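One structure is given below, encoded as structure tokens.
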Amino acid sequence: MSPAPALTAITIQSTRDDPTSGDDTTITVHPAPPCRPYAGDGEEPRRHDSKPCLACIAVTTALLLFAVLLAGFGFVRHVSISVTDASLTDFTLTTSPVTSLSYNLSLTLVIHNPNWAMGLKNTKPLEASYKFDGQVFDRYELAGEGVKHPPGKTRVFHLGGGGGGGAPARPVVLGNAGEGEYRRESRTGVFEVEVDVTGEVRYTLRYTRCKIEASCPLKLQLGGGDGGGGGAVVFQRVKCKLAKAEKNC
């Protein structure tokens with residue numbers, strides 16, 4: 001510790017207006033010594049201990065970090081799936097020589113990951129299936145195994161299937177009830193087609209594999225041909241219904 005500076009006395013002299021009076025006054029002021037923390041006789045002054053403050057800051061930081069990790073990775077928010085656009089320009093069923101379906105359907109499928117911290121990775125391919133009267137008549141792969149979906153991101157898939165016209169028809173097993181349902185819907189020009197989305201994913205920092213099963217029921221007006229009224233058809237966005245999640249998903 002450096003030595004304290006030397007104390008200097010200050011002298012104040014007061015002189016009256018009359019120099020012959022002989023009453024000059026001189027006052028000497030000694031400044032007080034500098035203040036030092038009292039530590040007792042013969043002890044060095046104590047210094048402030050900063051360790052408790054540092055420990056408090058460390059504990060607070062750890063709690064905040066734990067809260068952030070818990071909010072980001074402790075709870076899974078499941079993906080949302082919707083069909084934002086769809087157009088049907090051909091939907092023809094033939095029964096000879098075998099029952100088959102010729103169609104031209106294009107749609108836009110949107111999948112959103114609402115988790116701000118957790119991404120997901122496909123452990124099985126993500127697929128979309130087209131159904132009529134509960135029977136699958138076509139299937140598409142949206143994303144293969146190993147494909148990742150970052151947190152907070154939205155994936156848009158544009159599907160154009162069937163081709164219509166000279167495209168080969170898809171074999172389909174409808175049965176008598178299914179064929180009767182087709183004839184009923186063809187008279188109105190509005191067909192009920194279901195799009196199913198299936199897959200399996202794993203979320204970041206989680207080992208459980210979670211299934212994705214969603215159903216998107218669509219009512220599609222034929223945009224041309226004998227059954228439809230022709231012209232543009234306005235499509236209303238459809239939010240797909242997710243199956244109940246399994247445990248730990």
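The structure presented is a predicted model; accordingly, all values stated were derived computationally and were not measured.
Note that CG of Asp85 is 11.5 Å distant from CG of Leu109, once rounded to the nearest 0.5 Å. Taking CZ from Arg77 and CE from Met118, the interatomic distance works out to 10.0 Å, rounded to the nearest 0.5 Å. Taking CG from Leu88 and CG from Leu107, the interatomic distance works out to 10.5 Å, rounded to the nearest 0.5 Å. To the nearest 0.5 Å, atom CZ of residue Phe132 and atom CD of residue Glu192 are 8.0 Å apart. Of the inter-residue distances, the one linking Tyr140 atom OH with Leu159 atom CG reads 7.5 Å to the nearest 0.5 angstrom. From Ile111, atom CD1 reaches atom CD1 of Ile81 across 4.5 Å, with rounding to the nearest 0.5 Å.
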Exercise. Would you sort out whether Thr89 and Tyr103 count as a side-chain contact (heavy atoms from CB on, under 4.5 Å), showing the intermediate values?
Key: CA-CA 7 Å; Thr89 57; Tyr103 75 98; over 6 Å; no
Practice problem: Please assess Val201 against Tyr203 for the test side-chain contact (heavy atoms from CB on, under 4.5 Å), listing each intermediate value before the final yes or no. | Solution: CA-CA 7 Å; Val201 299; Tyr203 291 89; 4.0 Å; yes
Practice problem: Go through the steps for Phe137 and Ser100 under the test side-chain contact (heavy atoms from CB on, under 4.5 Å), then give the verdict. | Solution: CA-CA 9 Å; Phe137 62 87; Ser100 58; over 6 Å; no
Quiz item: Would Ser82 and Arg237 count as a side-chain hydrogen bond (donor to acceptor under 3.5 Å, both in side chains) if you check the C-alpha gap in whole Å, the side-chain angles of each, and the deciding distance to 0.1 Å?
Solution: CA-CA 7 Å; Ser82 59; Arg237 180 189 182 105; 2.8 Å; yes
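Considering every non-hydrogen atom in both Cys210 and Asn248, the closest pair reads SG-O, 4.3 Å. For the residue pair Ala128 and Val195, the shortest heavy atom distance occurs at CB-CG1, 4.4 Å. The shortest non-hydrogen separation linking Asp90 to Leu222 is N-CD1, 3.7 Å. Taking each heavy atom of Ser129 and Val136 in turn, the nearest pair found is CB-CG1, 4.4 Å. Contact between Leu174 and Glu179 at its shortest, heavy atoms only, is CB-N, 4.0 Å. Considering all non-hydrogen atoms of both residues, Leu220 and Ala86 come closest at CD2-CB, 3.7 Å.
For the residue pair Tyr130/Asp196, the side-chain donor-acceptor check at 3.5 Å is not satisfied. Ser102 and Thr92 form no side-chain donor-acceptor contact under 3.5 Å, judged by distance and modelled atom types alone. No hydrogens or angles considered: nothing links the side chains of Glu213 and Thr198 as a donor-acceptor pair under 3.5 Å. For the residue pair His158 and Thr108, a side-chain donor N or O sits within less than 3.5 Å of a side-chain acceptor on the partner.
Using a 4.5 Å cut-off between side-chain heavy atoms of Ile, Leu, Val, Met, Phe, Trp and Tyr, with links allowed through other members, Leu242 and Leu120 fall into the same hydrophobic cluster. Under the 4.5 Å side-chain heavy-atom criterion for grouping Ile, Leu, Val, Met, Phe, Trp and Tyr, Val110 is not connected to Leu142 through any hydrophobic cluster.
No side-chain donor-acceptor contact under 3.5 Å links Asn115 to the backbone of Ala117.
In this structure, Phe91 and Tyr182 have tilted ring planes: the angle between them lies in the 30° to 60° band.
For the pair Lys219 and Pro217, the minimum side-chain heavy-atom distance is 4.5 Å or more. Under the 4.5 Å side-chain criterion, counting only non-hydrogen atoms from C-beta, Arg155 is in contact with Val147. Counting only heavy atoms from C-beta outward, the side chains of Thr99 and Leu93 approach each other to under 4.5 Å. A heavy-atom distance below 4.5 Å is found between the side chains of Phe235 and Val238.
For the side chain to side chain donor-acceptor pair (under 3.5 Å) with Ser215, the qualifying choice from Glu194, Lys241, Lys131 is Glu194, the only one to do so. Each of Glu200, Glu145, Arg209 was evaluated against Thr123; a single residue qualifies, Glu200, per the side chain to side chain donor-acceptor pair (under 3.5 Å) test.
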